[in-house]
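Taking it in order: structure first as structure tokens, then the write-up.
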Amino acid sequence: MEQRESVVARIDALRDTISDHNHRYYVLDAPTVSDAQYDALMRELQALEQAHPDLITPDSPTQRVGARPVAAFGSVRHAVAMLSLGNAFDDDEVLAFNRRVQDTLRGAGLLDADEEAEYQAEYKLDGLAISVRYEQGRLVQAATRGDGQTGEDVTSNIRTLRSLPLKLRGDYPDVLEVRGEVVMTRADFERLNEQQRERGEKVFVNPRNAAAGSLRQLDPRITAGRPLRFYAYGWGELSGQVPDFETHSGVLDWLATLGFPVSPDREVLRGVDQLLDYYHRTGQRRDSLPFEIDGVVYKVNALQAQDVLGYVARAPRFALAHKYPAQEETTVLLDIEVQVGRTGAITPVARLEPVFVGGVTVTNATLHNEDEIRRKDVRIGDTVTVRRAGDVIPEVVGPIPDLRPADAREFVMPVSCPVCGSAIERPEDEAIARCTGGLFCAAQRKQSLLHAVGRKALDIDGLGEKLIEQLVDSGRVRSLADLFTLTVDELSRLERMGPKSAANLVAALDKARTPSLEQLLFALGIRHVGETTARALALHFGSLQAVMDADEDALLAVPDVGPVVAASIARFFAEPHNREVIDALGQQGVRAREVEIRSDQRALPLTGKTVVLTGTLPEWTREEASRHVLAAGGKVSGSVSRKTSYVVAGDAAGSKLTRAQELGVPVLDEAGLKALLGMQE
DNA sequence: GATCCTCGAGTTCC
DNA sequence: CTCGAGGATC
């Protein structure tokens, strides 16, 4: 018995010592023992626990790596929602934010007329947002941000992060949810990739992806081997014995005393000038920081003031993320080639020396049109600056004139189509040059077919670019109607087509024989007739025959159809070839469904309203949401204006949300939209 | 005739 | 997302 007591005491002592060393190493960054000494302590503890398995507790440092793999992550509902932040990209937006904050606080008597608001500024780390829950001082659950309401349960993986305490130090509250960012340092990222390369495993493109990939491992033992770090920046549920806090920075200081690493280089600042100064100072050292950041965050420091400012949609009005411009890189413009679009539009595309920008390797970038190239004055052979516009689409910003080689060539628009050889023409007053080959041009034929089978048109699954390429090049498919004559037999003989995929495709084609009239009209690819105009035509005429029979005057009666569009539609249906294709489609059993004339003509909830969707909604996809809006008689538009009735903002809402706020357009979240539609759960 | 609002079209990477 | 351009509105 006596011996057992001494074992218990030794185990406790070892656990305390080890977690103390973890804290010194990962949080204070000031280790007091060597790695070997640390390992020796760990091994001793493991040996004792193995000899006395009944003494193992979940918060023992040995248990960080013990958990078994799981089949899938469970989901966790956040007790307090994890919000997103409003964004600013330039100083003016920060000034506007500060003005709003100060006006509101002065109105509430929290700020004197001549007093400047106090903020806490911190880095916006580029990693994954995580919420970690402690009950009675013990780590019980960790979840990703997910949509802000519900995230994935990553408890076993988070437990392996040595920088996070399994057990809190000091006086802890009953319940504490810590919010922070899981990141990988640049150095750790390089080391990990080297290791991955040696083992012949996949390397990660950037620290953020490496952190995300490591945390989303189903096997926590893999996560345990990855060098992840956690930095706290906020909190969710907090109850029990908690000090009486007045400021945001005060809470973070307190979190540090409980054993959490908090974001380094935080500063409490007063007034907007200091914020901008912090932003620019940080920008200068951005590249020398140990981890990647994509901006800085300003938060109104006084908690009472935060309460007064409140929230709009899902973003707090008391905080702002001030982002740095999309990362730019330079590379060499190897060549400018042209692509032929569905309408014959000739688009110059820059072929670039592969360059790593903003997390991906870019080799192509659109140059839009001739004027654009001239405006930017880029020439083949130039060293150019490339950035990812809106963080997605690569864009050539411009040349670096000093590095222009003597033999740099200007781009010359070809006079004939590179695909079919037809003349390329550019109308006097237009920006776009076009191939005049029409459907004689294989490129245009392929693109038209791709358009027709697209999701918003006939929605035929399993018919991609490669397949269309084969079918058109072999001459087997010349028009949309030909697609419907394909058989399982001949399809399975094509490259990369098994009997299974062939059968699936034929089934998909079969399903596509009864599109709605608007889908069919859109699929035809009439110039100037997109999704919206197709719908307007369908609703106005009710049948394909009626649209075909309509003359220009009749077409002009359709809302949003003017002379240019009317002429384009009339011209399309006057073309014998197009009529033949429509006849052939009919023979293949392709017929638009009857247009449902709404029996209930009473006002629907959204009649006459225009709704703009932005960001990711928690439950609905963008398409689902717009279907619901349309069904309720509303219109969905892509840009916010004074005429917009509502902006429905989801997660990561960007410029549209900002614009809505500027124009004073009401902003709803998904629940608000559902309420409007009368679908309140 | 000018201005504002929308729609259409094209696009990258994995 | 961005640009260009058609349509509506004043």
Side-chain angles (χ1 to χ4, degrees), chain A residues 89 202-206 209 212-213 326 337-352 354-373 375-376 386-397 426-435 443-444 446-448 450-451 454 456-457 464-465 518 521-522 524-537 555-569 610-612 614-615 622 626 635-645 652-656 659 663 665:
Chain A
F89 290 94
K202 116 174 212 233
V203 295
F204 295 97
V205 290
N206 57 36
N209 281 12
E337 290 173 14
V338 298
Q339 278 177 5
V340 186
R342 147 173 90 85
T343 61
I346 303 288
T347 312
V349 180
R351 303 287 174 216
L352 305 165
V355 61
F356 194 69
V357 197
V360 298
T361 305
V362 170
T363 50
N364 302 315
T366 177
L367 288 166
H368 296 113
N369 58 54
E370 238 179 321
D371 294 348
E372 181 92 359
I373 297 176
R375 203 175 319 140
K376 288 180 175 165
V386 175
R387 88 174 154 211
R388 296 227 294 153
D391 257 1
V392 194
I393 298 186
E395 177 188 23
V396 173
V397 181
R426 179 176 165 192
E428 190 92 1
D429 49 354
E430 285 184 21
I432 311 267
R434 297 194 135 86
C435 160
Q444 292 189 50
K446 287 173 194 167
Q447 294 298 322
S448 315
L450 275 172
H451 166 81
K456 289 172 178 172
E465 201 175 333
E518 59 194 75
L521 281 168
F522 179 65
L524 291 175
I526 305 164
R527 268 252 257 157
H528 299 121
V529 176
E531 230 185 323
T532 311
T533 310
R535 182 174 308 117
L537 289 169
L555 289 163
L556 282 169
V558 180
D560 293 334
V561 172
V564 176
V565 179
S568 166
I569 298 168
T610 305
V611 178
V612 173
T614 177
R622 220 43 102 91
S626 53
K635 274 180 69 171
V636 176
S637 166
S639 56
V640 182
S641 71
R642 262 180 294 269
K643 293 192 177 172
T644 309
S645 320
S655 58
K656 291 184 211 168
R659 185 149 165 76
L663 296 175
V665 172

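Below, chains carry the letters A, B, ... as their sequence lines are ordered, and counting in each starts from 1.
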Separation of B:dA9 P from A:Ile432 CD1 (nearest whole Å): 11 Å
Any donor-acceptor pair under 3.5 Å from A:Thr361 side chain to A:Pro354 backbone: no
Identified side-chain contact (heavy atoms from CB on, under 4.5 Å) partner of A:Ile569 from the options A:Val558, A:Leu537, A:Val564: A:Leu537
Proximal nucleotide (of B:dT11, B:dG10, B:dC14) relative to the A:Thr366 side chain: B:dT11
d(CZ, A:Arg527; P, C:dG4) in whole Å: 15 Å
Phosphate OP1/OP2 of B:dT11 contacted by A:Gln339 side-chain N/O (<4.0 Å): yes
side-chain N/O A:Thr532 vs B:dG8 OP1/OP2, d < 4.0 Å: yes
Touch class at under 4.0 angstrom, heavy-atom based, for A:His368 against every strand present: nothing
Worked check of salt bridge (charged side-chain N to carboxylate O under 4.0 Å, His left out) between A:Asp371 and A:Arg426: CA-CA 12 Å; A:Asp371 294 348; A:Arg426 179 176 165 192; 3.0 Å; yes
B:dT11 phosphate, OP1 or OP2, under 4.0 Å from A:Asn364 side-chain N/O: no
N/O (side chain, A:Thr533) to phosphate O (OP1/OP2, B:dG8) under 4.0 Å: yes
Distance, rounded to the nearest Å, where A:Leu450 contributes CG and B:dA9 contributes P: 15 Å
Considering all heavy atoms, the nearest A:Val340-A:Gln447 contact: O-CG, 3.7 Å
Non-hydrogen side-chain atoms of A:Val611 and A:Ser645 separated by less than 4.5 Å: no
For atom CG of A:Asp560 and atom P of B:dC7, their distance in whole Å: 6 Å
Spacing between A:Leu556 atom CG and C:dG7 atom P, to the nearest angstrom: 8 Å
Selection from C:dG7, B:dT11, C:dG4 that lies nearest to any side-chain heavy atom of A:Asn369: C:dG4
Between C1' of C:dC3 and CD of A:Glu370, the distance in whole Å: 16 Å
Nearest-nucleotide comparison on DNA chain B, the residue closer to the 5′ end among A:Gly530 and A:Val340: A:Gly530
Of A:Glu337, A:Arg351, A:Gln339, the residue whose pairing with A:Asn364 passes side chain to side chain donor-acceptor pair (under 3.5 Å): A:Arg351
Below 4.0 Å: OP1/OP2 of B:dC13 and any side-chain N or O of A:Thr363: yes
Selection from B:dG8, B:dG10, C:dG4 that lies nearest to any side-chain heavy atom of A:Glu531: B:dG8
Interatomic distance, A:Ile346 CD1 vs B:dA9 P [rounded to whole Å]: 16 Å
Interatomic distance, A:Leu521 CG vs B:dG8 C1' [rounded to whole Å]: 16 Å
Under-4.0 Å side-chain N/O to phosphate OP1/OP2 contact, A:Thr343 with B:dG8: no
Nucleotide nearest A:Pro394 (side chain, heavy atoms from C-beta), chosen from B:dC14, B:dT12, C:dG4: B:dT12
Sugar-phosphate, base or nothing in reach of A:Glu430, heavy atoms under 4.0 Å: sugar-phosphate
